[in-house]
Each structure stands twice: as C-alpha cells, then as structure tokens.
Amino acid sequence: MNKKVLGLTAGVILSVAAMASANGDRPTKFTVRIENTTKPDAFTASNGAKWSLAYSPGTAVVHTENAPIFTAGKKDRGKGLEAQSEDGDPSMLAKSLKGAKGIKSVAVFNTPLGASGPGPITPGAAYEVTVSAMPGERLSLTLMMGQSNDWFYAPAESGIELFKDGKAISGDITSQIMLWDVGTEVDQEAGIGSDQGPRQKGPNTGKAENGLVKKVADGKSYADAPSVMRVTIKPAM
Ligand SMILES: [Ca+2]
Ligand SMILES: [Ca+2]
C-alpha cells in the first residue's frame, strides 16, 4: 500500500539533491602550478661562486583551520615543517596534517612535470598538483627554498582564499607566497652554506637555532617570491 508514497518520496529526495548541487554543494577542482622562473647560475655568492635555485617537493593543504601549519612569531610545532624546510621532505608534515582538525585534504607534490620520478624543480621546471575545495575553504602550500638551511615558501599562515563571493579564484597567486624561516637551524649564506640542502652530510644536519617562525627579509630576490617563481591556480570548468 505504500508503493506510491515511497515513489513520491524518492522523487522528492532526487529533486532536492539536484537543487542542492546546482547551488554548489560539489567541490571545485583546482589545478595549482608552481614554476621555478629563475635561470641557471642566476645568483652569485659573496665568495664569487655562482649558484642556482631549486625548490623541493611540498604539500598542498585544503583547510578551514586558521593556522594549520605554523604561526608567525611562534616556535615550530614539531609536526614535520622542520624536515620540509631543512631537507625538502614533506612526508612527515603531510602525515601529521592528515585527519587533523580543520584539515580537508593533504596532497604531496614531488615529481616535476615531465620527470620520471620525485625530485626538486630546477630552473625552468614546474610541479602541478590538483586539490578540491568548497566555498569557505582555503589553500596552504609549503616547499623548501633548496639553497637554505631551513627556509620554506608558503602563503600567510591563514592560507589563500580559494573562493571570493562564492566564486572560485583563478590566475596568478604568486604575490600571496612568502619566504619563511622556520627557526630550527642557524642560517648560513644562501647558496654556499655547508649545512644547506644540497651540501649537508645528511638530513637534519646543522646548528640548532631555537628560533621563531618569521619571514626572511634579507633584501635578496629569492625572498620576493614573484621574482623567482610563478604560482597559478585554475579551477576546472
Ligand atoms: Ca633559520
Ligand atoms: Ca641542514
């Protein structure tokens, strides 16, 4: 006797679902592209040595949490940002963020476009990573400045707003990226320090700093992200 009632109910539920998705309850897919726009041997150290800039594998995190990865002016949290920033290894950070409060998704990007395996992006190379997000959610990125002791590129601690007035953002977001010092290892001169990524004896080698997370402000071009990289975002139509 309830057949008709059930049929009607199912129809109502379907039409409600259709209306809801038309109103945007499905996540938007974004492609994020990070390009190393520097040239080989673009930098000259104080001893005259030429050096090239590379960026390490990193994380792309979608979140509602206000400061999911670090807080400027505070100590590193010991959740993996140190290995990301000192050794270019995002795996510990990704693991600790997965499933944490206010974290919607965590993606690791580690293979340059056109490469057969993981590695840094050298001058001219790029990473691409895809994330999905709903209005109100934000994006944080982390990757190592490869010629440093413990510096990482990331947006402000609150991340990048992926939607403006409910509409997905699109285009160049490099101006929102900054160079940060995580405060775990004493800085040497960029490009030639013996305890920096390309030259250190092993991971986590260098003098402990016991410092705070702060922006790198040494006036060099690599401290100004738009001078050395291009980060773009494109929502799927
Ligand atoms: Ca440091
Ligand atoms: Ca080191």
Side-chain angles (χ1 to χ4, degrees), residues 28-43 51-63 66-70 72 81 84-85 88 90 93-94 105-115 119-133 137-148 150-165 167-182 190-191 197 213-237:
T28 300
K29 255 192 180 177
F30 295 87
T31 301
V32 182
R33 183 185 174 97
I34 301 159
E35 296 171 63
N36 182 340
T37 56
T38 64
K39 298 271 190 283
D41 286 340
F43 303 87
W51 57 274
S52 303
L53 188 49
Y55 311 124
S56 77
T59 66
V61 183
V62 175
H63 55 94
N66 198 43
I69 300 172
F70 66 95
L81 185 58
Q84 165 76 95
S85 310
L93 180 62
S105 66
V106 182
V108 166
F109 51 87
N110 59 16
T111 304
L113 285 175
I121 45 170
T122 51
Y127 292 119
E128 262 187 18
V129 60
T130 303
V131 299
S132 293
E137 296 176 352
R138 297 190 301 276
L139 173 70
S140 283
L141 299 167
T142 61
L143 64 167
M144 180 189 181
M145 190 287 210
Q147 290 278 6
S148 74
D150 61 341
W151 295 351
F152 66 103
Y153 289 98
E157 64 198 35
S158 56
I160 293 167
E161 293 218 38
L162 288 169
F163 297 84
K164 292 253 163 78
D165 301 323
K167 196 169 172 288
I169 63 161
S170 180
D172 193 321
I173 53 172
T174 322
S175 65
Q176 297 192 60
I177 305 294
M178 289 161 255
L179 181 59
W180 298 88
D181 182 338
V182 76
V213 180
K214 61 177 190 296
K215 277 188 225 173
V216 174
D218 64 3
K220 300 285 170 54
S221 66
Y222 52 68
D224 175 49
S227 301
V228 293
M229 65 173 66
R230 187 180 304 119
V231 183
T232 54
I233 189 161
K234 206 172 137 190
M237 288 302 136

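Counting begins at 1 with the first residue of the sequence.
- Proximity of the aromatic rings of Tyr55 and Tyr222 is defined here by a centroid distance below 6.0 angstrom, and this criterion is not met.
- In terms of heavy atoms, Glu137 sits closest to Ser132 at OE1-O, 4.4 Å.
- Between the side chain of Thr174 and the backbone N or O of Val231, at least one donor-acceptor pair lies under 3.5 Å.
- Using a distance-only test at 3.5 Å, with no hydrogens or angles considered, no donor-acceptor pair links the side chain of Thr130 to the main chain of Thr31.
- Taking all atoms of both residues into account, the shortest heavy-atom contact from Pro155 to Leu139 is CG-O, 4.0 Å.
- Phe152 and Trp180 have parallel rings, their planes meeting at less than 30° on a 0 to 90° scale where 60° marks the start of perpendicular.
- A distance of 9.5 Å separates OG in Ser105 from NE2 in His63, rounded to the nearest 0.5 Å.
- Within the 4.5 Å cutoff, the side chain of Ile169 has heavy atoms near those of the Ile160 side chain.
- Looking at every heavy atom in both residues, Pro235 comes nearest to Thr28 through CB-CG2, 3.9 Å.
- Between Ala133 and Phe163, the shortest heavy-atom distance links the atoms O-CZ, 3.3 Å.
- Smallest separation of non-hydrogen atoms from Pro120 and Pro112: O-CG, 3.4 Å.
- With hydrogens and angles ignored, the 3.5 Å screen pairs a side-chain donor or acceptor of Asp218 with a backbone N or O of Lys220.
- Judged purely by atom type and a 3.5 angstrom limit, Gln147 uses its side chain to pair as donor or acceptor with the backbone of Ser52.
- Under the 3.5 Å distance criterion, the side-chain polar atoms of Arg138 are matched with a main-chain donor or acceptor of Ser158.
- In this structure, the separation between OH on Tyr127 and CG on Asn36 is 9.5 Å, given to the nearest 0.5 Å.
- Note that CE of Met178 and OG of Ser175 are 9.0 Å apart. Values are rounded to the nearest 0.5 Å.
- Interatomic distance, NZ of Lys215 versus CG of Leu179, reported as 11.0 Å (0.5 Å rounding).
- Taken to the nearest 0.5 Å, the CD1 atom of Ile34 stands 9.5 Å off from the CD atom of Glu128.
- Put simply, the side chain of Glu157 never gets that close to the backbone of Ala67: no donor and acceptor are under 3.5 Å apart.
- For Val129 against Ala60, the heavy-atom pair with the smallest separation is CG1-CB, 4.0 Å.
- When side chains are defined from C-beta on, Pro123 does not count as touching Lys39, because their heavy atoms never get closer than 4.5 Å.
- Checking side-chain atoms of Thr37 against main-chain N and O of Val228 turns up a donor-acceptor pair under 3.5 Å.
- Using a distance-only test at 3.5 Å, with no hydrogens or angles considered, no donor-acceptor pair links the side chain of Gln176 to the main chain of Gly159.
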After noting the C-alpha distance and the side-chain angles of Ile233 and Leu162, does the key distance pass the side-chain contact (heavy atoms from CB on, under 4.5 Å) rule?
CA-CA 9 Å; Ile233 189 161; Leu162 288 169; 3.4 Å; yes
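- No side-chain heavy atom of Gln84 sits under 4.5 Å from any side-chain heavy atom of Ile69.
- Here the straight-line distance linking atom CE of Met229 with atom CD1 of Ile121 works out to 7.0 Å at 0.5 Å rounding.
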